[in-house]
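These numbers were taken from a predicted model, which means no experiment stands behind them.
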Amino acid sequence: MILAIIVACEIGFWVILGAGLVARYLLRWRRVGAVLLLCVPLVDVVLLGATMVDLRRGAEATSTHGLAAAYIGFSIAFGHSMVRWADQRFAHRFAGGPPPWKPPKGGWERARYEWREWFKGLAGWVVACGLLVGGILLVGDRDRTEQLDAWIGRLTVALVVWLIAFPLWATLFPARAKE
């Protein structure tokens with residue numbers, strides 16, 4: 001059930017975002033577009049509520065519950081950036097807006113960009129791990145929450161790999177800035 005809700009929330013995220021952008025730029029309903037864009041985070045609230053209800057009803061915590069926590073954590077950390085990314089592209093394509101911003105190709109600007117993105121990932125990790133620990137405490141039975149512990153480990157490994165492969169690499173071996 002949780003996996004279906006995660007998929008529905010991902011679809012809902014893009015549908016609400018798309019509706020907000022269509023209202024804002026194509027229909028020129030600025031207020032309606034703003035309200036719809038403000039509703040995008042409600043998708044996370046729905047998923048959080050569904051996951052909590054499922055665990056409170058006595059379900060064994062599965063990897064899907066861990067995926068839900070990761071989804072929520074990284075959605076919170078990167079949601080605003082994703083909305084801004086989509087808004088810039090939509091405005092450029094359909095409303096004569098300026099070309100969308102592109103990340104720097106190299107140099108110290110690229111390293112700073114990679115560090116900023118990694119710190120967003122760290123924020124997502126903090127939220128996701130907080131939700132995972134909250135789920136462990138909510139269930140109160142370590143035997144039923146092994147998968148949530150495993151997700152903390154998976155997310156930590158992913159964050160460390162990201163740290164080494166991107167911000168540290170870009171800092172220690174900066175590519176030449178392309179002009």
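- Listed for the R110 side chain is a donor-acceptor partner under 3.5 Å among the backbone atoms of P104.
- Residues M82 and I76 share a hydrophobic cluster, clusters being chains of Ile/Leu/Val/Met/Phe/Trp/Tyr side chains in contact below 4.5 Å.
- Side chains of K120 and F74 form no contact here, defined as non-hydrogen atoms less than 4.5 Å apart.
- When atom types are taken as modelled, the side chain of W118 and the backbone of F166 share no donor-acceptor pair closer than 3.5 angstrom.
- Other residues, nucleotides and ligands contribute more than 12 heavy atoms inside 6.0 Å of the CZ atom of R154.
- Rounded to the nearest 0.5 angstrom, Q147 CD and L67 CG are separated by 11.5 Å.
- Within the model, atoms NE2 of H65 and CG of L138 stand 10.0 Å from one another, a figure rounded to the nearest 0.5 Å.
- A side-chain N or O of W125 and one of T156 form a donor-acceptor pair less than 3.5 Å apart.
- The shortest non-hydrogen separation linking G73 to V127 is CA-CG1, 3.6 Å.
- Between the CG atom in L168 and the CG atom in L163 there is a gap of 4.0 Å [rounded to 0.5 Å].
- I152 and L137 fall within a single hydrophobic cluster, where Ile, Leu, Val, Met, Phe, Trp and Tyr are joined by side-chain heavy atoms under 4.5 Å apart, directly or via other members.
- Taking CD1 of I16 as the start and CD1 of I11 as the end, the distance is 12.0 Å to the nearest 0.5 Å.
- Closest heavy-atom contact between W162 and G121: CZ3-CA, 3.5 Å.
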(Q) Would L131 and I72 count as a side chain to side chain contact (heavy atoms under 4.5 Å, CB included) here? Give the steps. (A) CA-CA 9 Å; L131 291 172; I72 293 167; 3.5 Å; yes
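- Pairing each heavy atom of I5 with each of A50, the nearest pair is CD1-CB, 3.5 Å.
- In terms of heavy atoms, L155 sits closest to A70 at CD2-CB, 4.0 Å.
- The two residues A69 and A128 come nearest to each other via the heavy atoms O-CB, 3.5 Å.
- Once rounded to the nearest 0.5 Å, the distance linking CG of L122 with CG of L159 reads 5.5 Å.
- A heavy-atom distance below 4.5 Å is not found between the side chains of F119 and R116.
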Q. Does the pair R30 and Y25 meet the rule for a side chain to side chain contact (heavy atoms under 4.5 Å, CB included), with working shown?
A. CA-CA 8 Å; R30 309 281 290 161; Y25 293 111; 4.3 Å; yes
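- Put simply, the side chain of H92 never gets that close to the backbone of P100: no donor and acceptor are under 3.5 Å apart.
- Annotation: side chain of L26 is in contact with side chain of F90 (closest heavy-atom distance under 4.5 Å).
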Q. Are R84 and W101 close enough, and set up right, to give a side chain to side chain contact (heavy atoms under 4.5 Å, CB included), and what steps lead you there?
A. CA-CA 10 Å; R84 185 176 49 236; W101 178 85; over 6 Å; no
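- For the pair L27/V22, a side-chain contact is recorded, criterion being any heavy-atom separation below 4.5 Å from C-beta on.
- When hydrophobic clusters are built by joining Ile, Leu, Val, Met, Phe, Trp and Tyr residues whose side-chain heavy atoms come closer than 4.5 Å, directly or via intermediates, V83 is not grouped with V46.
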Q) Going through the distances and angles, do T171 and W115 end up as a side chain to side chain contact (heavy atoms under 4.5 Å, CB included)? A) CA-CA 9 Å; T171 301; W115 280 106; 2.6 Å; yes
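- Between W14 and W85, the ring planes are perpendicular. Angles over 60° get that label, and only those under 30° would be called parallel.
- Side-chain contact check for D44 and Y71: no donor-acceptor pair (N or O, by modelled atom type) lies under 3.5 Å.
- Cluster membership check: V161 does not share its hydrophobic cluster with V126, using side-chain heavy-atom separations under 4.5 Å among Ile, Leu, Val, Met, Phe, Trp and Tyr.
- At distances below 3.5 Å, at least one donor-acceptor pair connects side-chain atoms of R144 with backbone N or O atoms of A59.
- Here the CG atom belonging to L55 is positioned 12.0 Å from the CG atom belonging to D141, to the nearest 0.5 angstrom.
- The shortest heavy-atom contact between L148 and G135 is CD1-C, 3.9 Å.
- There is a path of hydrophobic side-chain contacts, each under 4.5 Å, that joins I6 to M1.
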